[in-house]
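Note that the coordinates shown come from a computational prediction; the quantities given were computed from them, not determined experimentally. Below, each value reflects all heavy atoms present in this structure, side chains not excepted, and no hydrogens, waters or symmetry copies.
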Amino acid sequence: MAKAKAVFRCTACGHQVSKWVGRCPECGEWGSIEEGAPAAAAAGTTSVVPRSPARRITEVDAGTSSATPIGIAEFDRVLGRGIVPGSVVLLAGEPGVGKSTLLLETVKQWAAQGRTALYVTGEESAGQVRLRAERTGAVHQNVFLAAETDLATVLGHVDEVRPSLLIVDSVQTLVATGVDGVTGGVTQIRAVTTALVSLAKTSGVAVILVGHVTKDGNVAGPRSLEHLVDVVLAFEGDRHSSLRMVRGIKNRFGPSDEVGCFEQRSDGIHEVSDPSGIFVHEHPTDVAGSVALVAMDGRRAMVGQIQALLNKSEMPSPRRAVSGLDGARVAMMLAVAEKHAKISTGKHEVYASTVGGMKVTEPAADLAIFLAIGSSASDRPVASTTVAIGEVGLAGEIRRVSSTARRVAEAKRLGFRHAIIPAGTDEELPTGIRITKVSNLADAVDALERRRLQPVDAPF
């Protein structure tokens, strides 16, 4: 019998190669290739009697996978109406963004409904978690705490407490005895996650795993980790802003593009059901260089504000600074404005930014960026009751964007009276708001000029 060949795996990403190399061809990490156990022989073709026979899909009870609301509306929104018993959720985010605070509030709301929750921490002591829970008001008698890093001991706690919700903070700190590899390594993370997924599927306990992220913002650990779990969520936030976003990346039980909004405060984390107000700053009078837009973040429409400032400069290369926007798209709008609207910015410093820390990278913000640049250049304000939606092409045409009706409806809900949208829009738009369809930049400028000549309370 031929001897089984040894395999070599990367400890950083799990990539497998046939021989040792100094650098992993998949992730580019140096010195991460290690020899593993010989590859298993090919599986035979002998059939095995299944433990349970296959059933018709019409006979399968879908009620066993119905979601149970946690009690936090924004979190339930991202999960898909709640958490499914026996499911495994991976919540990843940067250190200090508020993952543990959110999960403490989660177990508190879960326990308040008469259910039992077990919070396992491998990064802090039980006393530290208790202090944070007291500060944020997340103390409840149905919440159990355990400071453990051994996987077998964690499974023992589950057998004793028998919770319906298990929180593991974090999966990189647990160690599976008998498995090779360092704590937090690829082999250990895969073994720990596999064991917890098996626990969830066999016992019906819902499991939420806290994961770390790399410097690029990706989930740390092997890529197979995301395939093992049912739901992958990214917890995002700017250190200079109190706003936090829980963004769905993968969801087997609901939409994978939902976004939940939260605000980090000294007394804990609070959900923000209407985040549009954070991104729109109200001025007592209209100001030049400020234009409102409606951006889609997943399936959620959020009204924001773009501001542009042009200052004359004697420098041969005037400064360009962008915050919260795609710098490449801002540069494109400057070129389009000079070519098709005769707005010269070559001798001006240009600053473009969003309000409230909002990040907008979609092309639907092009028209608002252009109008903000033109408003600042001419020192003529755009009415604060006007919202601009549309993608601008290099030829000066305005192209239609997705979910225009939903964007206009959100603008109407917040009191905007006028919406400038692409002429090619064929969606059924809401009534009660003035709609101006434009096909190019000249039409958009003319629409603003006509609006200036009309009284503020002009009929729709």
Side-chain angles (χ1 to χ4, degrees), residues 4-18 20 24 26-27 29 31-43 86-93 95 99-100 103 118-124 146-163 165-214 218-234 249-250 252:
K5 295 180 61 178
V7 295
F8 297 85
R9 293 187 180 89
C10 174
T11 58
C13 68
H15 181 67
Q16 180 175 314
V17 293
S18 59
W20 186 90
C24 176
E26 180 69 18
C27 65
E29 191 74 16
S32 60
I33 301 297
E34 295 182 356
E35 184 177 357
S87 64
V88 181
V89 179
L90 176 62
L91 178 66
K99 301 184 298 296
S100 300
L103 293 181
L118 174 60
Y119 191 104
V120 178
T121 174
E123 300 179 346
E124 301 174 285
E148 298 289 350
T149 57
D150 181 66
L151 176 61
T153 308
V154 171
L155 298 179
H157 282 298
V158 174
D159 291 337
E160 291 183 0
V161 178
R162 296 193 177 278
L165 177 63
L166 171 63
I167 306 292
V168 178
D169 186 8
S170 64
V171 67
Q172 278 86 359
T173 61
L174 291 189
V175 179
T177 306
V179 178
D180 296 334
V182 298
T183 304
V186 173
T187 307
Q188 283 286 341
I189 292 178
R190 185 183 292 112
V192 169
T193 305
T194 302
L196 293 175
V197 169
S198 177
L199 168 69
K201 302 307 178 185
T202 56
S203 65
V205 177
V207 181
I208 300 181
L209 307 177
V210 176
H212 297 163
V213 297
T214 63
N218 299 320
V219 180
R223 199 67 182 177
S224 59
L225 180 63
E226 300 182 34
H227 296 284
L228 291 173
V229 300
D230 301 306
V231 181
V232 180
L233 305 178
I249 300 177
K250 169 190 174 182
R252 291 174 177 167

Short side-chain to backbone donor-acceptor contact, Lys99 and Val210, under 3.5 Å
no
Arg162 CZ: over 12 foreign heavy atoms closer than 6.0 Å:
no
Please name the pair of heavy atoms, one in Ser87 and one in Ala200, separated by the smallest distance, quoted to 0.1 Å.
O-CB, 4.2 Å
Determine yes or no for a side-chain-to-main-chain donor-acceptor pair under 3.5 angstrom, with Asp169 supplying the side chain and Thr121 the backbone.
no
To the nearest 0.5 Å, how far apart are CZ in Arg9 and CG in Asp180?
10.5 Å
Which distance, rounded to the nearest 0.5 Å, do you find between the CG of Leu209 and the CG of Leu233?
11.0 Å
So do the side chains of Leu199 and Leu155 get within less than 4.5 Å of each other, counting heavy atoms only?
yes
Do His157 and Val120 come close enough that some side-chain heavy atom pair is under 4.5 Å?
no
Thr173 versus Gly122, closest heavy-atom pair with distance:
OG1-CA, 3.6 Å
Smallest heavy-atom separation, Ala92 atom then His212 atom, equals CB-O, 4.3 Å
Atom CD of Glu26 and atom SG of Cys10: how far apart are they, to the nearest 0.5 Å?
8.5 Å
Any side-chain heavy atom of Lys201 within less than 4.5 Å of one from Asp230?
yes
Side chain to side chain, Leu225 and Val232, heavy atoms closer than 4.5 Å
no
Might you point out which heavy atoms bring Val154 and Glu148 nearest each other, and give the distance in Å?
CG2-CB, 3.9 Å
Interatomic spacing from OG in Ser170 to CG in Leu91 - rounded to 0.5 Å:
11.0 Å
Please check: side-chain N/O of Gln172 versus main-chain N/O of Gly211, any donor-acceptor pairing under 3.5 Å?
no
Distance from Ser32 atom OG to His15 atom NE2, nearest 0.5 Å?
10.0 Å
4.5 Å side-chain heavy-atom contact, Ser100 and Leu103
no
Note, Val179 side chain near Thr187 side chain (heavy atom, < 4.5 Å)
yes
Heavy-atom side-chain contact between Val205 and Leu118 under 4.5 Å:
no
For Leu196 versus Val88, what's the shortest heavy-atom pair and its separation?
O-CG2, 4.4 Å
Provide the closest heavy-atom pair for Ala234 versus Ile249 in the form atom of the first, atom of the second, distance.
CB-CD1, 3.7 Å
Do any N or O atoms from the side chain of Ser198 and from the backbone of Thr194 form a donor-acceptor pair under 3.5 angstrom?
no
Separation of Ile33 CD1 from Trp20 CH2 (nearest 0.5 Å)
8.5 Å
